[in-house]
Protein chains: 2
Amino acid sequence: MEGSLIEVTFEDPKEVGECEHQQGKGGGGGLRDIGELNVPLAVPYLDQPPTPLHFYRDWVCPNRPCIIRHALQHWPALQKWSLPYLRAAAGSTEVSVAVTPDGYADAVRGDRFVMPAERRLPLSCVLDVLEGRAQHPGVLYVQKQCSNLPTELPQLLSDLEPHVPWASEALGKMPDAVNFWLGEAAAVTSLHKDHYENLYCVVSGEKHFLLHPPSDRPFIPYEMYTPATYQLTEAGSFKMVDEEAMEKVPWIPLDPLAPDLARYPSYSQAQALRCTVRAGEMLYLPALWFHHVRQSHGCIAVNFWYDMEYDLKYSYFQLLDSLTKASGLA
Amino acid sequence: MEGSLIEVTFEDPKEVGECEHQQGKGGGGGLRDIGELNVPLAVPYLDQPPTPLHFYRDWVCPNRPCIIRHALQHWPALQKWSLPYLRAAAGSTEVSVAVTPDGYADAVRGDRFVMPAERRLPLSCVLDVLEGRAQHPGVLYVQKQCSNLPTELPQLLSDLEPHVPWASEALGKMPDAVNFWLGEAAAVTSLHKDHYENLYCVVSGEKHFLLHPPSDRPFIPYEMYTPATYQLTEAGSFKMVDEEAMEKVPWIPLDPLAPDLARYPSYSQAQALRCTVRAGEMLYLPALWFHHVRQSHGCIAVNFWYDMEYDLKYSYFQLLDSLTKASGLA
């Protein structure tokens, strides 16, 4: 079953008959390798922001990631933001903080899909922990992905642009969410994908991304899990509490940093792309790309989520997804 | 077999787990119907040429056809071109003419894929036939698709632009071919697709297109045929001569104007889109769309072929094509 799906996916038949119309065209696309075409071997760099047309044509439409340099240099944040600055500007402001025993929010633990405990803490408490001045049980990560920058930390907005102008023009819309990220080195985002075009801007420190293109879907396992949430007890320990009202959820059990290939042998056919996004750089993370994210301690980042177009890339992914499920592959 | 492929293609599973990241987003694309999204019920009109960004984002990338009005009004051809003008400007110029007994070039006849006889005739001879001043065996169609406008009729070039500026900017390239079309009402182009982004401009008369999106591939039959070419005898009759050196070619045996549903029942699930392109209008016919074309008698047209990007739309089509073949469906 597994072999046949893969063969079908990457088979690339010539169409001799229709080439009659295309004399003088050296063979056309019929001979090219699909895998090679759509997945680069490394994430390419752009030395400056693309024009809206180039961004759409060369990156969004073909659903290819890139790292854009010199796109944030006019943001005051790039010079100003540091842990002491955040304390001075917003230390007393309460923010939502994801707290987990091991740094993994939204991850598979046993037969559960476990979401983090969410605490409201003054930003200064998070900074105390990040700077080693105080202890807190577990691992902290300011990562609430519902536009927490404008809603929770509006006093920081004047330090950056409210959107990415060339991206907004290219996509013909404004971002749905602008998220602020700040956390410990141990805080990890498990492998998943989003239905958003994502512009991920590192302001201080660095983020380490492990990416898989949507075409790796057949090799990435999903299983169904009972949802649960960590609760932090007054004694400072964690307990896992089932979300009884929620249905089971599909999630990826695999840790791409230490994949269990005995259990998920197909994953050996997936091709991970790794990249580090440094302060001042912006990653264009295309919609539907799987991503796993780590970071340097105290890394400060902002990302812009633009709703994706439910066009061919979506249809293509859905077809791959359906075939993968129908074949029992992953 | 048939049912299962179709089910797989259009199944659209919800992904509850990942929606946890997307609070406030009304359900996302997981609930939408793929077929509805990608295939319009009619070909939409644009009242003026789009900007390069809009053309790429709204039409090329989602691989959707449209008819653009007021895109040719600055071409002198639109006022000047008529059969008498062509005679005065280029009557003595020899052009390649496709000649067939029944008007069908590149079509299935019995167990053969038959290409037209190709004659070199002064344009005035073609005009004589079109104007009823002379007879010629079979049906004539000036339709050689290897940039016959600049190569065979360069004296007409000053009557139009050498490319479509907003399309060339959008696509980041110049056209590979600019083709001139002139023929009798009986001349028909059989259902096929090309690996080109096609901008089809009607200068005089009208063209009648019947279109199928690439996603109709599972419902459109292909069979393998021995290639042959019509030869016109001195007595004015046609004979079919096999192209012995050529391999068999895949072609579509079905006539979409009179489909043999007993033989090709799957075709009843395909959704044909019909449109008429009138003088002064330009059809954007996206790459990989199947098209069947008829015309008014003496219709004069020019089309621009831009090489397609072998990106997701190509991968998606290849996957559908491979699945269709693997399933034995069409």
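Sequence lines set the chain letters: A, B, ... in the order given, protein chains first and strands last, and positions in each chain run from 1.
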Check: A:Tyr225 ring centroid to A:Trp251 ring centroid under 6.0 Å: no

Stepwise, does the side-chain hydrogen bond (donor to acceptor under 3.5 Å, both in side chains) test hold for A:Tyr316 with A:Ser215? CA-CA 9 Å; A:Tyr316 185 46; A:Ser215 56; 6.0 Å; no

Run the side chain to side chain contact (heavy atoms under 4.5 Å, CB included) test on A:Leu46 and A:Trp59 for me, step by step, so that the C-alpha distance in whole Å, both residues' side-chain angles and the decisive distance to 0.1 Å come before the verdict. CA-CA 11 Å; A:Leu46 306 188; A:Trp59 306 101; 3.6 Å; yes

Answer yes when A:Asp242 and A:Arg112 have at least one side-chain N-carboxylate O distance shorter than 4.0 Å, and no when they do not. yes

Name the option with the most non-hydrogen atom pairs under 4.5 Å to chain A; the candidates are B:Met224, B:Glu169, B:Glu309. B:Glu169

Which residue out of A:Ala170, A:Pro52, A:Gly172 racks up the most heavy-atom pairs below 4.5 Å with chain B? A:Ala170

Below 4.5 Å, heavy-atom pairs only: which of B:Leu171, B:Thr51, B:Val60 has the largest tally toward chain A? B:Leu171

